[in-house]
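A short worksheet on the structure shown next.
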Amino acid sequence: MQLTLEFGGGLELLCDSVKIHNVNVDTKNGGDKLIMKDLLAWVRTNLIKERPEMFMKGDSVRPGVLVLVNDCDWELSGLLDTVLQAKDVVVFISTLHGG
């Protein structure tokens with residue numbers, strides 16, 4: 001499934017400083033359904049190059065990471081159970097800043 005993933009607020013540093021990734025993610029068991037939980041596992045394995053603990057905690061993103069699916073907060077669409085469609089744009093933004 002083709003998706004656009006964007007990382008901001010410092011999270012791009014975990015992905016070799018690349019902010020926008022056009023990716024093709026295989027669905028679980030060859031099905032046609034991809035949920036956020038599966039996408040996050042794919043991101044951890046395939047895109048995060050260092051310090052994955054700064055992006056994820058358990059199966060989800062860390063507190064302080066805003067997740068938008070097509071400009072809509074994922075909390076409104078089901079969090080980890082959010083179903084993704086081809087060509088969706090998923091944005092991850094860290095709201096935590098060092099000082």
Side-chain angles (χ1 to χ4, degrees):
M1 177 176 300
Q2 290 187 342
L3 301 169
T4 299
L5 307 179
E6 298 180 17
F7 296 84
L11 291 176
E12 67 276 7
L13 299 174
L14 305 178
C15 305
D16 286 340
S17 296
V18 178
K19 287 189 173 208
I20 300 175
H21 300 262
N22 293 304
V23 299
N24 191 9
V25 180
D26 292 328
T27 56
K28 212 170 196 181
N29 301 323
D32 58 352
K33 183 177 170 183
L34 179 68
I35 61 172
M36 280 297 299
K37 183 176 181 179
D38 298 332
L39 175 64
L40 291 174
W42 187 90
V43 167
R44 179 176 31 214
T45 301
N46 296 283
L47 291 183
I48 303 295
K49 303 298 183 194
E50 60 182 67
R51 301 183 304 169
E53 68 278 3
M54 299 300 292
F55 179 66
M56 293 188 68
K57 183 175 182 179
D59 290 338
S60 191
V61 293
R62 290 194 65 78
V65 175
L66 175 66
V67 181
L68 304 173
V69 179
N70 300 323
D71 295 325
C72 179
D73 191 326
W74 76 324
E75 292 182 3
L76 302 174
S77 60
L79 298 167
L80 291 173
D81 294 323
T82 299
V83 177
L84 300 167
Q85 305 294 325
K87 310 254 192 252
D88 278 353
V89 177
V90 183
V91 179
F92 303 96
I93 301 172
S94 175
T95 61
L96 305 176
H97 305 282

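For the numbers below, each heavy atom of this structure counts, side chains included, while hydrogens, waters and symmetry mates do not. No experiment lies behind these values; they were computed from the predicted model shown.
In this structure a side-chain-to-backbone donor-acceptor pair under 3.5 Å is missing from Asp88 to Leu84. Side chain of Thr82 to main chain of Ser77: a donor-acceptor pair is present (N/O by atom type, distance under 3.5 Å, no hydrogens or angles). Judged by distance alone, with hydrogens and angles left aside, the side-chain atoms of Thr27 form no donor-acceptor pair with the main-chain N or O of Leu34 at under 3.5 Å. With hydrogens and angles disregarded, no donor-acceptor distance shorter than 3.5 Å links the side chain of Glu75 to the backbone of Asp73. The backbone N or O of Val89 sits less than 3.5 Å from a side-chain atom of Asn70, completing a donor-acceptor pair.
One distance of note links CG of Leu80 with CG of Asp38; it measures 9.5 Å at 0.5 Å rounding. Atoms CE and OG, from Met36 and Ser60 in turn, are 8.0 Å apart once rounded to the nearest 0.5 Å. Atoms CE and CZ, on Met56 and Phe92 in that order, are 8.5 Å from each other to the nearest 0.5 Å. Interatomic distance, CD of Glu12 versus CD1 of Ile93, reported as 10.0 Å (0.5 Å rounding). The distance from atom NZ of Lys49 to atom CG of Leu13, rounded to the nearest 0.5 Å, is 14.5 Å. Taking CD1 of Ile48 as the start and CZ of Phe55 as the end, the distance is 5.0 Å to the nearest 0.5 Å.
Between Gly58 and Arg44, the shortest heavy-atom contact is O-NH1, 3.1 Å. Heavy-atom minimum distance, Ser94 versus Gly9: CB-O, 3.4 Å.
Taking a 6.0 Å sphere around CG of Asn24, one finds it holds more than 12 heavy atoms contributed by other residues, nucleotides or ligands. The number of heavy atoms from other shown groups lying within 6.0 Å of CE (Met54) does not exceed 12.
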*His21 and Thr4: side chain to side chain contact (heavy atoms under 4.5 Å, CB included), yes or no, with the steps?*
CA-CA 6 Å; His21 300 262; Thr4 299; over 6 Å; no
*Go through the steps to decide whether Val25 and Val43 satisfy the test side chain to side chain contact (heavy atoms under 4.5 Å, CB included), and finish with yes or no.*
CA-CA 9 Å; Val25 180; Val43 167; over 6 Å; no
*List the steps, then state whether side chain to side chain contact (heavy atoms under 4.5 Å, CB included) holds for Leu3 with Leu39.*
CA-CA 10 Å; Leu3 301 169; Leu39 175 64; 3.9 Å; yes
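Placement of Leu66 and Leu14 in two distinct hydrophobic clusters is found when ILVMFWY residues are connected by side-chain heavy-atom separations under 4.5 Å, directly or transitively. Cluster membership check: Met1 shares its hydrophobic cluster with Leu40, using side-chain heavy-atom separations under 4.5 Å among Ile, Leu, Val, Met, Phe, Trp and Tyr. Under the 4.5 Å side-chain contact rule for hydrophobic residues, Leu11 and Leu68 do not share a cluster.
No side-chain heavy atom of Lys19 sits less than 4.5 Å from a side-chain heavy atom of Glu6. For the pair Trp42 and Val23, the minimum side-chain heavy-atom distance is below 4.5 Å. Two residues are said to be in side-chain contact when any heavy atoms from C-beta on lie closer than 4.5 Å; Trp74 and Val91 fail this criterion.
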